[in-house]
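As the structure is a prediction and not an experimental result, all values here were calculated from the model. Numbered from 1 within each chain, the chains take letters A, B, ... in sequence-line order.
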Number of protein chains: 2
Amino acid sequence: MSTSPKLKLYEEFSAIARGLGNAHRIDILEHLGQGERGVDALAAKIGLSTANTSQHLQQLKRAGLVESRRDGKYILYRLKGDNVLTLLGALFDVGEHNLAEVDKVMRDYFHKRDDMEAVSHEELLERSRDGLVTVLDVRPNDEFAMEHLPGAKNIPLEELETRLSEIDPAQEVIAYCRGPYCVLSFEAVAALRKRGIKARRLEDGLPEWRAAGLPLEQP
Amino acid sequence: MSTSPKLKLYEEFSAIARGLGNAHRIDILEHLGQGERGVDALAAKIGLSTANTSQHLQQLKRAGLVESRRDGKYILYRLKGDNVLTLLGALFDVGEHNLAEVDKVMRDYFHKRDDMEAVSHEELLERSRDGLVTVLDVRPNDEFAMEHLPGAKNIPLEELETRLSEIDPAQEVIAYCRGPYCVLSFEAVAALRKRGIKARRLEDGLPEWRAAGLPLEQP
DNA sequence: GCTACATTCAAGTAATCTGTTGAATGATAT
DNA sequence: ATATCATTCAACAGATTACTTGAATGTAGC
């Protein structure tokens, strides 16, 4: 047998997996989950050189995980279809359940995820419709500007300390950011609680909200 | 930032992806989806040396995709939890929708998957309960012996030509094998149709049937 | 104890992947 | 056309991966 058709297929599938086989590339995918981005902008966000980022993007493209289009001087990359998010979700799920290392990092840095008691999409919708909660977007300004949850207030994590007064201490805060493992919202909740403000995390981030077909706001 | 907790997590997730980053390892996972296997037995099935197979298995183990236990002289490996199957499914899904290469192989070798008009779990259950169909397991004997769909008849693909008389030509045949891309059932359906016997494929294979919580038979 | 057998380890080669640097492309704007 | 700027290519060193071979481990059965 030269190479059976099945092995040929598995060769392709494994090529997709190799596309996910680097932490920076997963980081890139998380950022692209927020929306389209140019190469340089992405490179700045994730802290790699432009050339290196470009090469990672081309690997992701070959793997069928992202696609690109030209817009003037820029080449904008975006996730290729919703099933990429599903794939990432499945990957995270295996990690969270099957790898002791992941569990350890979660416990050490995120102070036990269970304690955080994440809020579901439904609960957020319901309670925010009733005006019971402040929805807080802790991503940087530019990402908030592209798209955000309806009625959300934007205070980037770095500015949270100095802008605490803008938050109504009588209401519970529900914080969200880029995705289920985005550090920002974990830290925001921790910071708010230390100040005695009731706060919880949304269970995941903006891309999953969009994938669920829920409404978003653009300026 | 030395390495942010998020990047640490993504490092772990990408390690899982690297576990899937080799066609032989995906093949191994498909076989383990049938049930526990010793190293040597697996090596024979997938056509690699024992030492090489052992090393692949250890990579899969490090990635949290399989686990092992000792049984007498043998060390038996099995999939680590159902979410591994989910992950594989998500991977296949991305491949099927996003990669032109995959589409091409499907068309060339599997004569257009749409034509095959796969049968769902529900339809199989219903029609087999009413005695309307022959459920045909085309995997090798030893795999059938471990576990198979209720009421299924076992004719390994290689023996199909010579044992055609055992199949009731009045009934439709529903063939299945190891998984959604297992070649055996595709070829079985093609062979049966050439002989004028009505035949279709089950949409996926035995592992997915088990994961769905449906009943199985053991001898 | 010794033998047989399944599995793993260790060492080596060829191939692939990561990140750097500097030069090449290709579109826009003057 | 020319200059500018975003992106990609090409070439390199260092690390990792796949597979082979032969030796080492560990359990079962005598």
### Contact list for DNA chain C against residues 31-40 of chain B - heavy-atom distance below 4.0 Å
B:Gly38, B:Val39, B:Asp40
### Message
Checking A:Phe13 now: which residues fulfil ring-ring contact (aromatic ring centres under 6.0 Å, His included) with it, not counting sequence neighbours?
### Response
B:Phe92, B:Tyr181
## Note on the structure
Between its two end axes (five pairs each) the helix from C:dG1-D:dC30 to C:dT30-D:dA1 turns, nearest 10 degrees, through 30°
### Message
For D:dT7 and A:Thr50 - does any side-chain N or O of the residue sit under 4.0 Å from the phosphate oxygens OP1/OP2?
### Response
no
#### Entry: Separation of atom CD1 in A:Ile46 from atom C1' in C:dT18, rounded to whole Å
13 Å
## Note on the structure
Those residues at least two apart in sequence (or on a different chain) that pass ring-ring contact (aromatic ring centres under 6.0 Å, His included) with A:His24 are none
### Task
May I ask you to check whether B:Ser14 and A:Asn22 show a side-chain donor-acceptor distance below 3.5 Å?
no
### For A:Lys104, salt bridge (Lys or Arg N to Asp or Glu O under 4.0 Å) partners two or more places apart
A:Asp108
### Distance, rounded to the nearest Å, where A:Leu42 contributes CG and D:dT8 contributes C1'
15 Å
### Task
Check side chain to side chain contact (heavy atoms under 4.5 Å, CB included) between A:Leu214 and all other residues, then give those that pass, not counting sequence neighbours.
A:His121, A:Leu125, A:Trp209, A:Ala212
### Task
Summarise protein proximity over nucleotides 12-30 of chain D in one line of letters, 5' to 3': B for base, S for sugar-phosphate only, - for none, counting protein heavy atoms closer than 4.0 Å.
------SBBB-----SS--
### Query
Rounded to the nearest Å, what distance is computed from the NZ atom of residue A:Lys61 to the C1' atom of nucleotide D:dC9?
14 Å
#### Entry: Those residues that, when tested against A:Ile75, pass side chain to side chain contact (heavy atoms under 4.5 Å, CB included) (two or more places apart)
A:Ser68, A:Arg70, A:Tyr77
### Query
A:Glu12: what forms a salt bridge (Lys or Arg N to Asp or Glu O under 4.0 Å) with it, not counting sequence neighbours?
none
### Query
For A:Asp93, which residues count as a salt bridge (Lys or Arg N to Asp or Glu O under 4.0 Å) partner, sequence neighbours excluded?
none
### Spacing between A:Leu76 atom CG and D:dT7 atom C1', to the nearest angstrom
12 Å
### Message
Rounded to whole Å, please give me the gap between CD1 in A:Ile75 and P in C:dT25.
### Response
15 Å
### Distance, rounded to the nearest Å, where B:Leu7 contributes CG and C:dT18 contributes P
15 Å
### Message
It should be established whether B:Tyr77 places a side-chain nitrogen or oxygen under 4.0 Å from OP1 or OP2 of nucleotide C:dT8.
### Response
yes
### Query
Who passes salt bridge (Lys or Arg N to Asp or Glu O under 4.0 Å) against B:Glu143, sequence neighbours left out?
B:Lys45, B:Arg178
### Task
Tell me, please, which residues at least two apart from A:Val84 pass side chain to side chain contact (heavy atoms under 4.5 Å, CB included).
A:Leu65, A:Leu79, B:Asn98
### Query
Does NZ or CZ of B:Arg201 fall inside the cone over B:Tyr176's six-membered ring, less than 6.0 Å from its centre and within 45° of the axis?
no
### Task
Round to a whole Å and report the spacing from CD of A:Gln58 to C1' of C:dT16.
17 Å
